[in-house]
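Working notes, structure below.
In what follows, every chain begins at residue 1, and chains take the letters A, B, ... in the order their sequences are listed. All figures in this text were calculated on a predicted structure; none of them were measured in a lab.
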Amino acid sequence: MIEAKKIKFHFDNHDYEALTQKIGSSVWVYFQGKTYSIPATDQNLKSRHKSKSANAGVTAILSPMPGKITKVLLSAGQNAEVGQVVIVMEAMKMEYTLKSELKAKIKKVMTKVGDQVALGQILIEFESSSNKAGEKK
Amino acid sequence: MIEAKKIKFHFDNHDYEALTQKIGSSVWVYFQGKTYSIPATDQNLKSRHKSKSANAGVTAILSPMPGKITKVLLSAGQNAEVGQVVIVMEAMKMEYTLKSELKAKIKKVMTKVGDQVALGQILIEFESSSNKAGEKK
Amino acid sequence: MKKINRLAIANRGEVAVRIIKACEELGIETVLLHSEADMGSRAYRLATKKICIGGAQTNQSYLNIPANIQGALASGADAVHPGFGFLSENADFAEAVEKAGLIFVGPSANSIRLLGDKISCKQLAAKAGLPLIPGYSGKDQSLDCLISEAEKIGYPVIVKAAAGGGGRGMKLIKNSTEAKELIESAQRESLSAFGSEQVFLEKYLDRAKHIEFQIFGDSSGRVVHLFDRECSVQRRHQKIIEEAISSSLSEDLRKKMGEAAVSLATLGKYKGAGTVEFLLQDGKFYLLEVNTRLQVEHSVTEMVLGVDLVKAQILTAQGDFIFKTQDHSPRGHAIEGRVYAENPYQGGIPSTGLLGHVSFPEGPGRRFEYGFESGDQITSFYDPMIAKVIVWDESRPRAIQKMIKVLEGSVIFGVHTNIPYLIAILKHPEFINGTMTTRFIENNFAEGLKVPALAEKEKILFEKVLSAHKPSLSLQDAQGGIKTNSPWNQSWRIL
Amino acid sequence: MKKINRLAIANRGEVAVRIIKACEELGIETVLLHSEADMGSRAYRLATKKICIGGAQTNQSYLNIPANIQGALASGADAVHPGFGFLSENADFAEAVEKAGLIFVGPSANSIRLLGDKISCKQLAAKAGLPLIPGYSGKDQSLDCLISEAEKIGYPVIVKAAAGGGGRGMKLIKNSTEAKELIESAQRESLSAFGSEQVFLEKYLDRAKHIEFQIFGDSSGRVVHLFDRECSVQRRHQKIIEEAISSSLSEDLRKKMGEAAVSLATLGKYKGAGTVEFLLQDGKFYLLEVNTRLQVEHSVTEMVLGVDLVKAQILTAQGDFIFKTQDHSPRGHAIEGRVYAENPYQGGIPSTGLLGHVSFPEGPGRRFEYGFESGDQITSFYDPMIAKVIVWDESRPRAIQKMIKVLEGSVIFGVHTNIPYLIAILKHPEFINGTMTTRFIENNFAEGLKVPALAEKEKILFEKVLSAHKPSLSLQDAQGGIKTNSPWNQSWRIL
């Protein structure tokens with residue numbers, strides 16, 4: 001692993017120094033008591049952005065964190081209400097419920113109880129034209 | 001500056017781990033609560049060794065540390081007695097006296113008061129066939 | 001009476017490191033009983049020996065009693081320290097350790113059953129005359145029964161794991177519509193975390209302070225208390241900031257609560273380090289529960305009292321140590337902040353990943369306990385607490401000021417942490433005044449933190465940083481990290 | 001009464017870092033007044049502002065009064081902290097700071113003159129009825145006079161810098177033949193270190209313990225003591241290991257010595273942190289000297305008493321702090337080991353160079369104060385002390401045990417250090433028994449350390465290390481480093 005680097009810059013008659021390190025696809029920065037992380041793979045982001053725009057009619061619940069699915073409460077063809085719990089997952093010994101943010105019909109359930117899922121993995125696909133779906137409680 | 005590296009080895013049915021780093025011409029090693037430094041330039045050492053052997057009739061007082069010469073008590077042509085103070089130097093705010101370890105005539109004084117000298121720098125050259133000369137008090 | 005020469009640690013993370021340090025100082029070898037996922041951890045690197053006892057899933061390793069016993073025996077250990085969490089309050093484990101001929105560093109299995117089980121503890125406390133919170137702790141654990149008992153108590157009601165602790169398996173039920181879901185959730189969490197799905201119900205006290213007493217029993221049956229801690233700053237019943245000693249107790253109240261704690265622990269024949277937790281509301285205190293183990297926040301007690309509780313545990317297990325309460329009086333003020341791997345700008349969502357640069361600004365009266373270093377992975381298998389930052393100073397205001405500085409000087413790259421959240425709490429007037437209750441977070445930080453606007457100099461820095469790492473990269477303010485559902489939505493770019 | 005907003009530090013190394021940390025916690029900005037040689041140092045990186053005040057040679061920078069004053073004024077500082085060593089006991093400097101309209105963090109110039117000058121201090125102490133060591137402290141500083149006075153006192157005699165401290169400008173004269181050389185040497189060192197060549201003579205007490213009392217005076221003239229330290233482990237009159245509190249004092253003696261220290265400091269109208277040093281021999285104590293400044297070993301007092309002496313200094317300088325002695329009583333035991341950049345296998349010869357990896361094993365009751373990090377140069381211009389390792393534990397035996405572990409876990413690459421020497425001292429029966437006198441080093445470690453023989457596994461490791469760094473290198477055991485005069489003499493090779 002490459003060490004963190006110091007970066008110096010000048011602004012408004014002052015010299016500043018920050019600490020920075022690229023880890024995976026993010027660049028981390030520490031400056032004046034605060035830590036920032038900046039995604040450094042805009043290629044990747046752009047392509048995902050485009051593919052989403054292209055399928056504007058489909059929305060989904062993505063996994064908000066890596067973890068284990070402990071409960072799936074609805075199945076394909078069923079309707080989800082706004083605020084209804086659709087998925088329960090566990091991460092770092094805490095349980096998180098994923099609720100639907102829209103009233104919509106489920107097109108596909110893409111996970112099952114016991115699955116280890118990754119951050120951003122699609123869990124539920126809706127048939128809907130809304131573009132908001134799934135939020136952590 | 002390159003980071004210290006871990007090094008693993010196996011001996012007598014045990015796995016061990018040490019920390020190591022090359023700094024300048026030395027390799028530093030930390031193992032089981034002890035720190036070692038190993039000169040990593042034997043080429044250099046060998047050549048100095050040889051040149052010394054070739055001039056076996058000349059001995060010298062070398063500076064045992066980097067520092068500043070604050071007093072030179074004898075000059076070329078004078079005789080040093082065993083234990084006689086020849087040079088006084090200062091390093092890290094402490095004074096160190098360099099005494100002659102042999103009874104010999106001084107061939108050349110190669111430093112003067114106020115000089116900043118390096119570790120191993122020749123300060124006094126003797127005319128003698130003895131091969132021990134100059135030791136820190 | 002038996003000198004411990006090699007001690008097995010049935011735990012991981014920072015507490016495993018804490019135990020290793022204590023053993024090193026006592027000249028005791030350590031054996032880390034670890035899962036497959038923990039070979040890149042500080043405890044793994046520091047332990048004298050390490051034995052892999054199973055897979056990453058806790059039921060395969062850290063909650064697996066036979067695997068732990070087998071590992072301890074195979075390593076030639078003569079004692080087992082359970083740390084906190086996992087099997088630390090599991091009486092069967094304590095018993096299995098003793099049966100295997102090893103010393104269990106903790107109370108007897110009997111004490112754990114009496115005091116650690118929340119329900120039997122309440123029964124014992126009632127005998128000892130301690131004030132209890134109204135609730136239900138019956139044997140009928142059917143959903144119907146639990147829901148009807150909750151109705152009887154009257155909402156809000158808390159459902160808790162009988163074998164639990166640390167906020168896991170604990171849910172606040174505000175009304176009847178969410179009762180079923182939350183009770184089931186508590187049962188599942190309890191099963192996963194503690195291996196038992198028994199729960200109980202309590203009336204929720206809505207303006208209470210969390211005050212707890214450190215107790216310590218020697219092998220002769222004598223129990224003393226080592227003063228109090230306040231842990232009112234909690235989120236989802238999980239402590240975030242702890243202090244010693246509480247600034248909310250009168251000397252009279254401190255004396256009464258301390259005596260209550262000691263009388264209960266004495267009745268439970270308590271040995272070693274433990275904690276009696278209370279809620280304090282309107283000047284009245286109620287027993288909350290007893291934790292029959294070392295507490296995460298033991299460090300603040302150590303700093304104000306000048307004791308080493310982990311060494312005391314080990315020495316007591318050997319039979320050669322006695323705490324004399326009269327020798328101890330608190331001095332100054334200590335605060336602990338738990339550093340969680342989570343994103344404070346997204347409601348505390350867990351954050352996992354490869355750790356990069358990690359550094360803490362050491363100095364007088366500062367202590368850093370951490371389990372992971374640069375190059376280690378933070379996984380989703382275990383508790384999100386990756387470090388503890390502890391400060392001591394001569395007074396509470398000075399300790400708060402120091403803590404803010406120390407947190408600002410702490411750098412963790414690779415996962416998001418709650419450090420900005422901790423700083424915001426420390427700067428809140430209610431915390432500064434010491435008037436916070438267990439609803440402090442709910443009342444003041446329900447929305448989480450807002451991503452602060454970037455100053456011009458920060459934008460310039462980020463531009464420079466990105467071009468240093470890779471030219472022509474666009475920039476997204478990710479102090480809040482990737483937005484959960486739509487990572488591209490809220491980015492901004494330097495044009 | 002005036003709040004300090006920006007404080008200039010007329011010092012370097014670990015004490016500068018210590019002052020910066022205290023200021024950070026008090027919300028005070030810092031200005032490092034540094035030499036050209038100190039831009040690669042931790043204090044340089046941590047200070048809010050830095051001003052270069054001159055060349056590497058101390059008389060051009062750290063001993064240059066006008067340069068320091070000018071730097072402090074240019075930076076907009078409102079106070080100056082002198083640290084220890086350098087100008088910290090220079091009354092002219094204190095005066096110059098005050099004349100420039102800045103606050104001097106320390107006693108008044110008058111107090112420094114009265115107590116800091118070893119000769120006037122003895123006169124004051126005589127008035128206060130303190131027991132003094134027989135000696136000569138007259139104005140006639142001619143070599144002839146000093147030699148004849150030494151003869152009168154009777155060898156062994158110590159010659160000391162009147163303005164000195166820290167073992168510099170101090171020599172032990174064992175007989176008349178070495179008197180001239182050593183007196184001259186003391187004068188030169190004194191001039192170089194303190195800017196004055198005045199010396200005095202004292203009878204050498206050959207089985208004495210070094211015991212000192214931390215004193216603290218508030219702005220109202222009230223002086224208290226904060227208990228004692230023992231610093232008997234000295235080499236060339238330079239302290240190596242210090243402890244608080246001394247294990248050699250009866251309560252009666254502690255009371256008497258503490259009262260003597262306070263009465264002398266009160267007579268000197270002492271303000272802020274200072275130290276009254278005594279020698280204790282055969283149950284009788286003698287005034288040694290007063291240090292009118294923060295002491296290197298202040299940290300051990302902080303750890304056993306629960307105080308922050310640097311913050312107390314700054315707060316006292318602002319006029320808003322008062323130590324109340326009755327609030328303080330010592331707890332547990334603290335030990336400090338000074339880490340010197342020197343080669344313990346060659347009689348402590350200084351070691352300089354580029355620092356590589358540096359790490360300290362943090363943990364409860366451990367404190368590390370250091371001025372240099374990986375990538376910094378250790379030069380020959382300044383004091384060889386590059387770090388301090390301080391531990392606290394509940395008892396002296398436990399503190400010793402902890403200190404050994406902590407030193408073994410400390411890694412410094414790039415310069416040789418006295419860490420093996422410190423460990424050898426801590427393991428010596430005389431130290432463990434607490435019976436050591438100031439001649440402990442002379443009696444037990446006169447020869448320095450012997451390079452230990454290498455075990456087979458170490459040889460295998462070294463071979464592996466060398467081949468990893470560069471194939472076909474030969475190996476020389478250099479735990480003792482390059483032998484001074486003949487680096488090739490005592491090498492050994494793997495064949």
**Message:** I need the Ser37(B) OG to Asn343(D) CG distance, nearest 0.5 Å.
**Reply:** 8.0 Å

**Prompt:** When you look at Gln116(B) and Phe381(D), which way does the side-chain contact (heavy atoms from CB on, under 4.5 Å) test go after all the steps?
**Reply:** CA-CA 10 Å; Gln116(B) 276 287 339; Phe381(D) 297 114; 3.6 Å; yes

**Asked** What residue, out of Gly85(D), Ser359(D), Pro384(D), has the most heavy-atom pairs lying under 4.5 Å from chain B?
**Response** Pro384(D)

**Request:** Dump the intermediate steps for side-chain contact (heavy atoms from CB on, under 4.5 Å) on Ile38(B) and Phe462(D), then the final yes or no.
**Result:** CA-CA 8 Å; Ile38(B) 310 169; Phe462(D) 291 177; 3.7 Å; yes

**Message:** Measuring from atom CD1 of Ile412(D) to atom CH2 of Trp28(B), what distance do you get when rounded to the nearest 0.5 angstrom?
**Reply:** 9.5 Å

**Message:** So for atom NE2, which belongs to His14(B), do other residues, nucleotides or ligands contribute more than 12 heavy atoms lying within a distance under 6.0 Å?
**Reply:** no

**Request:** Identify the two heavy atoms, one from Pro350(D) and one from Tyr96(B), that lie closest to each other, and give their separation to 0.1 Å.
**Result:** CG-OH, 3.3 Å

**Request:** Determine, stepwise, if the pair Arg188(D) / Val88(B) fulfils side-chain contact (heavy atoms from CB on, under 4.5 Å).
**Result:** CA-CA 11 Å; Arg188(D) 274 195 307 273; Val88(B) 180; 4.0 Å; yes

**Fill in**
When rounded to the nearest 0.5 Å, the distance separating OG1 of Thr97(B) from CG of Leu182(D) is 8.5 Å

**Asked** NZ/Lys8(B) to CG/Leu461(D) distance, rounded to the nearest 0.5 angstrom?
**Response** 14.0 Å

**Asked** Tell me, do Val85(B) and Glu181(D) make a side-chain contact under 4.5 Å, heavy atoms counted?
**Response** yes

**Prompt:** Between Ile23(B) and Leu354(D), what is the shortest heavy-atom contact and its length?
**Reply:** CG2-O, 3.6 Å

**Prompt:** Tell me, do Glu90(B) and Ser380(D) make a side-chain contact under 4.5 Å, heavy atoms counted?
**Reply:** no

**Message:** Using ring centroids (six-membered ring only for Trp), state whether Phe413(D) and Tyr30(B) fall under 6.0 Å.
**Reply:** no

**Asked** Given that the side chain runs from C-beta out, which part of Val406(D) has a heavy atom under 4.5 Å from chain B: side chain, backbone, both or neither?
**Response** neither

**Message:** Taking Lys71(B) first and then Glu184(D), would you say they form a salt bridge - that is, a charged N and a carboxylate O separated by under 4.0 Å?
**Reply:** yes

**Item:** For Lys6(B), all residues meeting side chain to side chain donor-acceptor pair (under 3.5 Å), sequence neighbours excluded
**Value:** none

**Request:** Flag the pair Phe11(B) / Lys464(D) as yes when at least one side-chain heavy-atom distance between them is below 4.5 Å, and no otherwise.
**Result:** no

**Prompt:** Are Lys34(B) and Ile419(D) close enough that some pair of their side-chain heavy atoms sits under 4.5 Å apart?
**Reply:** no

**Prompt:** Residues two or more places apart in sequence or in another chain: which of them pass side chain to side chain donor-acceptor pair (under 3.5 Å) with Thr58(D)?
**Reply:** Lys93(B)

**Asked** With distance as the sole test, does Gln21(B) use its side chain to make a donor-acceptor pair with the main-chain N or O of Gly356(D) at under 3.5 Å?
**Response** no

**Asked** Is chain B contacted by the side chain of Thr379(D), its backbone, both, or neither, given a heavy-atom distance below 4.5 Å?
**Response** backbone

**Request:** Find the one option among Glu456(D), Lys405(D), Glu189(D), Glu342(D) whose heavy-atom pairs under 4.5 Å with chain B are most numerous.
**Result:** Glu189(D)

**Prompt:** Can you check whether Lys457(D) reaches Gln32(B) side chain to side chain, under 4.5 Å on heavy atoms?
**Reply:** yes

